[in-house]
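Both backbone and side-chain heavy atoms feed into the values below; hydrogens, waters and symmetry mates do not. Count residues from 1 along the sequence.
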Amino acid sequence: QVQLVESGGGLVQAGGSLRLSCAASGRTFSSYVMGWFRQTPGKEREFVGAISRSGGRTDYADSVKGRFTISRDNAKNTVYLQMNSLKPEDTAVYYCAADPLYGSIPWEYDYWGQGTQVTVSS
């Protein structure tokens with residue numbers, strides 16, 4: 001089992017940057033694919049991106065491709081989401097998630113953090 005805690009959210013102006021972190025408990029972090037998702041009120045949880053166990057593969061939603069970057073440090077049990085050129089439509093609660101298998105569908109992921117709010121003002 002793994003527990004996830006996100007941090008780094010906040011309020012930023014359009015065009016600005018934020019870096020989210022997701023710290024995982026346990027000694028098997030490197031066994032998990034890590035995903036980032038986001039959700040706004042009344043909408044379904046949306047895939048943002050994912051990173052493979054080794055970090056050698058990343059995938060992104062078209063809406064964030066070229067602006068967001070996922071990385072991980074297996075020695076620190078942490079995955080990061082670097083968000084640049086933020087837009088008001090990026091405003092959401094951002095969640096990290098972990099699963100042994102690679103995927104982009106929320107219900108494929110077994111473990112979730114509590115979420116962190118990102119608000120982008122225009």
Side-chain angles (χ1 to χ4, degrees):
Q1 208 168 23
V2 61
Q3 293 182 326
L4 305 172
V5 179
E6 301 98 336
S7 61
L11 174 64
V12 63
Q13 288 187 333
S17 298
L18 278 177
R19 188 176 81 156
L20 305 184
S21 300
C22 173
S25 65
R27 295 178 290 179
T28 59
F29 177 71
S30 60
S31 299
Y32 292 95
V33 171
M34 299 300 298
W36 284 97
F37 295 81
R38 65 188 183 185
Q39 191 169 22
T40 54
K43 292 189 176 181
E44 293 187 353
R45 197 161 292 188
E46 175 190 23
F47 173 73
V48 173
I51 187 166
S52 62
R53 299 178 194 84
S54 67
R57 173 185 174 182
T58 53
D59 289 279
Y60 300 94
D62 288 343
S63 58
V64 306
K65 202 171 292 183
R67 301 187 297 122
F68 290 12
T69 302
I70 299 174
S71 61
R72 67 189 295 163
D73 186 338
N74 286 343
K76 295 183 178 180
N77 284 9
T78 302
V79 63
Y80 305 97
L81 178 64
Q82 177 68 44
M83 305 185 293
N84 298 329
S85 303
L86 282 161
K87 305 175 182 180
E89 51 263 44
D90 294 317
T91 295
V93 177
Y94 283 72
Y95 299 88
C96 67
D99 196 81
L101 301 179
Y102 203 92
S104 62
I105 309 300
W107 57 82
E108 293 176 330
Y109 284 76
D110 287 340
Y111 304 104
W112 291 84
Q114 82 289 350
T116 185
Q117 176 71 46
V118 171
T119 303
V120 184
S121 63
S122 56

Visitor: Sort and list the pairs that fulfil side chain to side chain donor-acceptor pair (under 3.5 Å) and have at least one residue in residues 15-25, not counting sequence neighbours.
Guide: S17-N84
Visitor: Taking all atoms of both residues into account, what is the closest heavy-atom pair of Y102 and S52, and its distance?
Guide: CE1-N, 3.6 Å
Visitor: Clusters formed by hydrophobic residues whose side-chain heavy atoms approach within less than 4.5 Å: which one holds W107, and what are its other members?
Guide: I105
Visitor: Give the other cluster members for L20, using side-chain heavy-atom distances under 4.5 Å between Ile, Leu, Val, Met, Phe, Trp and Tyr residues; answer none if it is isolated.
Guide: V2, L4, V12, L18, F29, Y32, M34, W36, V48, I51, Y60, V64, F68, I70, V79, L81, M83, L86, Y94, Y111, V118, V120
Visitor: Among residues at least two apart in sequence or on other chains, which ones pass side chain to side chain donor-acceptor pair (under 3.5 Å) with Q39?
Guide: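 Side chain to side chain donor-acceptor pair (under 3.5 Å) check on Q39 returns R45.
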Visitor: Could you tell me which residues satisfy side chain to side chain donor-acceptor pair (under 3.5 Å) with Q117, sequence neighbours excluded, listed by chain and number?
Guide: T119
Visitor: Quick one: which residue pairs count as a disulfide bond (SG atoms under 2.5 Å apart) with a foot in residues 33-122, not counting sequence neighbours?
Guide: C22-C96
Visitor: Please enumerate all residues that pass salt bridge (Lys or Arg N to Asp or Glu O under 4.0 Å) together with R57, with sequence neighbours excluded.
Guide: D59
Visitor: Could you work out, with side chain to side chain donor-acceptor pair (under 3.5 Å) as the rule, every residue matching K65, not counting sequence neighbours?
Guide: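 For K65, the residues satisfying side chain to side chain donor-acceptor pair (under 3.5 Å) (neighbours in sequence not counted) are D62.
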Visitor: Mind checking what makes salt bridge (Lys or Arg N to Asp or Glu O under 4.0 Å) contact with R38, not counting sequence neighbours?
Guide: E46, D90
Visitor: Drop me the distance from Y80's OH to D73's CG, to the nearest 0.5 angstrom.
Guide: 5.0 Å
Visitor: Output every pair passing salt bridge (Lys or Arg N to Asp or Glu O under 4.0 Å) with a member in residues 94-118, not counting sequence neighbours, ordered by first then second residue.
Guide: none
Visitor: Going by the rule side chain to side chain donor-acceptor pair (under 3.5 Å), which residues pair with S121 if we only count those two or more places apart in sequence or in a different chain?
Guide: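 Scan of S121 (side chain to side chain donor-acceptor pair (under 3.5 Å), adjacent residues dropped) gives none.
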Visitor: Any disulfide bond (SG atoms under 2.5 Å apart) pairs touching residues 25-75, not counting sequence neighbours?
Guide: none
